[in-house]
A.B. asks: 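For reference, the structure I am asking about is given below.
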Amino acid sequence: LRLSVDFQMAPKSYEMELKFRTLGMIGSLFPWTMKAYARGRLTKDGVHPIAAGHRNSWRGKKRWLELRYPDRRPVVTDAHPVPKEDKPAAESLHDAIDLASAVIAMTRKFDQSKRCGLNLPVFDGRRRYDLVFKGDGEGAIRRNGYSAYAGPVVKCRVEMNRLAGFKTRHK
């Protein structure tokens, strides 16, 4: 697995790019590549995406999706395959953001308050859901070969409330 994240934050803007690829034997059996991005504005009242999207290939099948955010409402500008007609209600999309911007929003909230607690509306171009971040106590991390950080941490639990666009499971 090769994963890279390029993240840039300025006082009034942000950009994030993520690249992912399976390698080796796993890559031969399960070939998957993905490139995702998000960019937007930062204001006192929150994180406001301008554009977001992703392109991926899973076992040779290509998929992509591009979002733009006029009037703080996500609009799919390009997608393959085209999203199905069971779209979320327009009112549920107001102030909905992409997943990467949601992570940035939670990070900013934590930096300001040192608490984990936020409810964020997310739309990925196909599915509408809320991410609910809740504090789950405190702990500590010991230094090891995988982490240069050692010290106290705040535990944060994330729950997803599915609202629209998800496949239903038949029993």
Side-chain angles (χ1 to χ4, degrees), residues 1-10 12-43 45-110 118-133 156-171:
L1 171 67
R2 178 178 293 142
L3 172 68
S4 68
V5 178
D6 182 18
F7 180 66
Q8 299 175 18
M9 189 178 302
K12 294 185 179 184
S13 66
Y14 67 91
E15 289 187 31
M16 179 184 282
E17 183 178 272
L18 173 115
K19 293 178 184 176
F20 174 93
R21 171 183 295 270
T22 54
L23 301 170
M25 185 174 71
I26 296 295
S28 296
L29 296 171
F30 306 103
W32 182 25
T33 61
M34 181 183 70
K35 181 178 178 181
Y37 73 94
R39 66 178 183 273
R41 296 178 298 109
L42 300 171
T43 66
D45 71 330
V47 173
H48 306 286
I50 295 169
H54 64 83
R55 294 187 172 275
N56 74 64
S57 176
W58 167 251
R59 294 184 172 178
K61 292 184 181 178
K62 296 187 184 304
R63 295 175 60 104
W64 64 83
L65 189 121
E66 303 287 331
L67 292 166
R68 298 294 180 266
Y69 293 82
D71 302 319
R72 292 168 70 156
R73 199 178 302 260
V75 174
V76 176
T77 58
D78 189 22
H80 176 78
V82 174
K84 294 182 180 177
E85 290 302 314
D86 58 342
K87 296 177 183 174
E91 61 272 7
S92 78
L93 294 178
H94 185 67
D95 284 334
I97 61 179
D98 62 282
L99 181 58
S101 296
V103 171
I104 293 167
M106 182 57 231
T107 302
R108 287 185 79 214
K109 163 88 165 69
F110 185 81
L118 193 59
N119 188 344
L120 294 169
V122 176
F123 179 63
D124 66 9
R126 300 181 192 282
R127 295 172 299 265
R128 169 66 179 87
Y129 53 94
D130 284 342
L131 287 181
V132 181
F133 295 85
C156 190
R157 181 176 303 274
V158 181
E159 295 175 5
M160 176 195 287
N161 292 334
R162 296 175 178 200
L163 300 175
F166 290 88
K167 293 179 182 177
T168 56
R169 292 185 179 146
H170 300 288
K171 293 182 179 183

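All residue numbers in this chain count up from 1 along the given sequence.
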A.B. asks: Can you measure from CG (Leu67) to OG1 (Thr77) and round to the nearest 0.5 angstrom?
C.D. replies: 7.0 Å
A.B. asks: Name all residues meeting the salt bridge (Lys or Arg N to Asp or Glu O under 4.0 Å) criterion together with Arg73; count only those two or more places apart in sequence or in a different chain, and write none if there are none.
C.D. replies: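 Here no residue qualifies.
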A.B. asks: Give the minimum heavy-atom separation between Pro121 and Asp130, together with the two atoms involved.
C.D. replies: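 Smallest heavy-atom distance, with atoms named: CA-OD1, 3.4 Å.
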A.B. asks: Output all residues satisfying side-chain contact (heavy atoms from CB on, under 4.5 Å) with Ser13, sequence neighbours left out; order by chain, then residue number.
C.D. replies: Ala10
A.B. asks: Show me the donor-acceptor pairs within less than 3.5 Å that the side chains of residues 19-34 make with the rest of the protein, sequence neighbours left out.
C.D. replies:
from	atom 1	to	atom 2	distance (Å)
Thr22	OG1	Phe30	O	2.9
Thr22	OG1	Trp32	N	3.1
Ser28	OG	Gly24	O	3.2

A.B. asks: Only counting residues at least two apart or in another chain, list the ones meeting side-chain contact (heavy atoms from CB on, under 4.5 Å) with Leu131.
C.D. replies: Leu99, Ala102, Val122, Tyr129, Phe133, Val158, Met160
A.B. asks: Just verifying a value: how many Å separate Asp95 CG and Asp71 CG, rounded to the nearest 0.5 Å?
C.D. replies: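 Asp95 CG to Asp71 CG: 11.0 Å, rounded to 0.5 Å.
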A.B. asks: Among all residues two or more places apart in sequence or in another chain, which pass the side-chain contact (heavy atoms from CB on, under 4.5 Å) test with His48?
C.D. replies: Arg41, Thr43, Asp45, Arg72
A.B. asks: Do you know which two heavy atoms are closest between Val76 and Gly125, and how far apart they sit?
C.D. replies: CG2-O, 3.7 Å
A.B. asks: What's the spacing between Thr107 OG1 and Phe7 CZ if we round to 0.5 Å?
C.D. replies: 7.0 Å
A.B. asks: Please assess Leu65 against Asp124 for the test side-chain contact (heavy atoms from CB on, under 4.5 Å), listing each intermediate value before the final yes or no.
C.D. replies: CA-CA 9 Å; Leu65 189 121; Asp124 66 9; 5.9 Å; no
A.B. asks: Looking at every non-hydrogen atom in both residues, tell me the closest pair between Arg126 and Pro81 and how far apart they are.
C.D. replies: NH2-O, 2.7 Å
A.B. asks: What heavy-atom pair brings Ala96 and Phe123 nearest, and what distance separates the two atoms?
C.D. replies: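 Scanning both residues completely, I find the closest heavy atoms to be CB-CB, 4.0 Å.
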A.B. asks: Does any pair with a residue in residues 22-39 pass salt bridge (charged side-chain N to carboxylate O under 4.0 Å, His left out), and if so which ones, sequence neighbours excluded?
C.D. replies: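 Found Glu17-Lys35.
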A.B. asks: Arg128 side chain to Ser92 main-chain N or O, any donor-acceptor pair under 3.5 Å?
C.D. replies: yes
A.B. asks: With rounding to the nearest 0.5 Å, note down the distance linking CE in Met16 to CD in Gln8.
C.D. replies: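 It comes to 11.0 Å.
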A.B. asks: Counting C-beta onward and ignoring hydrogens, is there a side-chain heavy-atom pair between Glu66 and Tyr37 closer than 4.5 Å?
C.D. replies: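 Sidechains of Tyr37 and Glu66: in contact.
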A.B. asks: Which atoms form the tightest heavy-atom contact between Gly46 and Arg108, and what is the distance?
C.D. replies: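 Looking at all heavy atoms of both residues, the shortest contact is O-NH1, 3.3 Å.
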A.B. asks: For a quick test of reading the model, state the closest non-hydrogen atom pair linking Tyr14 to Pro49 and the distance between them.
C.D. replies: OH-CA, 3.3 Å
A.B. asks: First locate atom CG of Leu3, then atom CG of Leu18, and finally report the distance between them rounded to the nearest 0.5 Å.
C.D. replies: 5.5 Å
A.B. asks: Between CG of Leu120 and CG of Asp98, what distance do you get to the nearest 0.5 Å?
C.D. replies: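 These two atoms lie 11.0 Å from each other.
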